[in-house]
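Scroll down for the structure; my scribbles are underneath it.
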Amino acid sequence: MPHAGWHNFRFDGIGTSWEISTPVPLDAGLSNRILAEVERYDSTWSRFRGDSLISQVSARPGRLELPPESAGLADLYRNLYSLSGGAMTPLIGESLEQLGYDAGYSLQPRGAAAPPPVWDDVLEWRGTSLSNSAPLVLDIGAAGKGQLADLLAGVLRDGGLTEFFVDASGDLLNGGETPVTVALEHPYDSSKAIGTVPLGRGALCASASNRRAWGDGLHHVLDGTTGKPVRTVVATWTRAETAMEADALATALFMLPAAALEPHYRFSWLKVFSNGSAEYSADFEGMLFT
């Protein structure tokens with residue numbers, strides 16, 4: 001609990017656990033609006049649901065009109081795709097399914113890893129309009145949880161709340177001014193921490209190769225140029241104004257040096273490599289344990 005005496009509203013959504021902490025209990029109306037927004041988002045963007053809007057892209061070529069939040073996702077993914085030379089891509093879903101991270105969570109690879117299609121060959125995504133010239137498995141998981149946290153923050157503010165704390169299974173959004181001390185999970189032992197960081201207003205998101213791992217060294221952070229898991233980085237943390245940007249940049253740091261991202265985004269960061277070394281930005285406030 002971020003503050004003593006606060007009240008927690010817990011629920012599951014988009015395949016993970018959520019907790020929203022507030023100074024006063026959420027009334028039934030606001031709780032229902034939160035759950036309705038979670039269901040709306042999931043039924044639009046989930047590649048794990050056969051009835052989702054985005055699942056139509058995997059079934060056939062065509063054109064979709066998407067909700068308003070699509071515009072922010074499209075711009076963010078397009079920019080990170082360009083900066084990373086295609087390593088970070090919303091088309092990575094096909095590669096994930098090939099390695100067993102599919103709608104049925106089979107975790108059984110169906111052959112060797114393979115890169116996804118090239119964006120401009122098969123996809124046109126601008127604003128709320130998406131057109132695909134071939135069946136595609138779109139996966140916005142690198143930014144989606146963060147974006148949903150931002151959307152839920154909007155629901156809370158519309159409900160009159162100015163102080164709240166959203167915990168989306170470790171991706172965090174502080175809607176108030178009072179800092180909360182957050183432990184940074186050890187990338188090899190979830191029962192331990194490698195440090196702490198104070199989180200004031202804004203978001204702190206993490207990406208780690210141990211979060212979704214299976215088989216012989218497989219995990220969910222794939223390089224879109226190869227379709228294979230990234231091996232050199234094991235965990236990242238990013239702080240940004242919005243959870244969507246923090247979430248996406250935490251994944252982008254697996255593929256890119258921070259210096260390639262810093263001219264384009266305002267964020268602070270910590271990056272842990274597979275050899276045990278770490279790098280962090282000068283403005284990443286926190287303490288690493290020795």
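The chain is numbered in sequence order, starting from 1. As a basis for the values below, the full set of heavy atoms in this structure was taken, side chains included, without hydrogen atoms, waters or symmetry mates.
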Check: Asn174 side chain, Thr178 main-chain N or O, donor-acceptor pair, under 3.5 Å: yes

Residues Phe9, Leu35; criterion side-chain contact (heavy atoms from CB on, under 4.5 Å); working and verdict: CA-CA 11 Å; Phe9 176 52; Leu35 295 178; 4.0 Å; yes

Side-chain H-bond candidate by donor/acceptor type, Arg63 with Ser129, under 3.5 Å: yes

Check: Leu199 and Phe165 side chains under 4.5 Å, non-hydrogen atoms: yes

From Ser207 atom OG to Leu253 atom CG, the distance as rounded to the nearest 0.5 Å: 9.0 Å

Any side-chain donor near an acceptor of the partner, Trp269 and Glu262, under 3.5 Å: yes

Over all atoms of both residues, closest heavy-atom pair of Pro263 and Ala259: CD-O, 3.2 Å

Pairwise side-chain contact, Leu152 with Phe164, heavy-atom cut-off 4.5 Å (strictly under): no

Check: Ala142 main-chain N/O paired with Tyr77 side-chain donor or acceptor under 3.5 Å: yes

Chi angles and distances behind the side-chain hydrogen bond (donor to acceptor under 3.5 Å, both in side chains) call for Gln147, Trp45: CA-CA 11 Å; Gln147 184 178 58; Trp45 296 104; 4.8 Å; no

Which atom of His7 lies closest to which atom of Pro23, heavy atoms considered: CD2-O, 3.3 Å

Min side-chain heavy-atom separation Phe289-Ile194 under 4.5 Å: no

Sidechain-backbone polar pair: Asp150 side chain, Ala243 backbone, donor-acceptor under 3.5 Å: yes

Under 3.5 Å: donor-acceptor pair, side chain of Thr196, backbone of Val182: no

Leu99 and Pro229, any side-chain heavy atoms less than 4.5 Å apart: yes

Stepwise side-chain contact (heavy atoms from CB on, under 4.5 Å) test for Glu245 and Phe267: CA-CA 9 Å; Glu245 278 201 0; Phe267 72 109; over 6 Å; no

Residue Arg110 excluded, over 12 heavy atoms near CZ under 6.0 Å: yes

Separation of Asp42 CG from Asp51 CG (nearest 0.5 Å): 8.5 Å

Test: Asp247 and Lys145 ion pair at under 4.0 Å: no

Ser169 side-chain N/O to Ser17 backbone N/O, donor-acceptor pair under 3.5 Å: yes

Donor-acceptor pair, side chain of Ser43 and main chain of Glu39, under 3.5 angstrom: yes

Phe254 and Met88, any side-chain heavy atoms less than 4.5 Å apart: no

Short side-chain to backbone donor-acceptor contact, Thr236 and Ala250, under 3.5 Å: yes

For the student: nearest non-hydrogen atoms of Pro115 and Thr225, plus distance: CB-O, 3.7 Å

Considering all heavy atoms, the nearest Leu53-Glu65 contact: CD2-O, 3.9 Å

side-chain contact (heavy atoms from CB on, under 4.5 Å) between Leu80 and Thr251, intermediate numbers included: CA-CA 10 Å; Leu80 292 174; Thr251 299; over 6 Å; no

Side chain to side chain, Leu148 and Glu69, heavy atoms closer than 4.5 Å: no

Glu97 side, atom CD; Glu94 side, atom CD - distance, nearest 0.5 Å: 8.0 Å

From Leu270 atom CG to Phe284 atom CZ, the distance as rounded to the nearest 0.5 Å: 5.0 Å

NZ or CZ of Arg78 within 45° of Trp125 ring axis and under 6.0 Å: no

Closest contact, heavy atoms only, Ser55 versus Arg49: CB-O, 3.5 Å

Stepwise side-chain contact (heavy atoms from CB on, under 4.5 Å) test for Leu161 and Leu26: CA-CA 9 Å; Leu161 288 174; Leu26 301 182; 3.5 Å; yes

Nearest heavy-atom neighbours spanning Leu76 and Ala248: CD2-CB, 3.5 Å

Point-to-point distance, once rounded to the nearest 0.5 Å, from CD1 of Ile140 to OG1 of Thr89: 12.5 Å

Test item: Asn79 side-chain N/O and Asp75 main-chain N/O as donor-acceptor pair under 3.5 Å: no

Donor-acceptor contact present, side-chain Tyr265 to main-chain Leu249, <3.5 Å: no

Glu241 atom CD: more than 12 heavy-atom contacts under 6.0 Å: no

Cluster overlap Val137 with Val221, hydrophobic side-chain contacts below 4.5 Å: no

Residue pair Arg239 / Leu204, side-chain heavy-atom distance below 4.5 Å: yes

Beyond-backbone contact of Val272 with Trp237, side-chain heavy atoms, under 4.5 angstrom: yes

Ser52 side-chain N/O to Ser46 backbone N/O, donor-acceptor pair under 3.5 Å: yes

Separation between CG of Asp167 and CH2 of Trp18, rounded to the nearest 0.5 Å: 9.5 Å

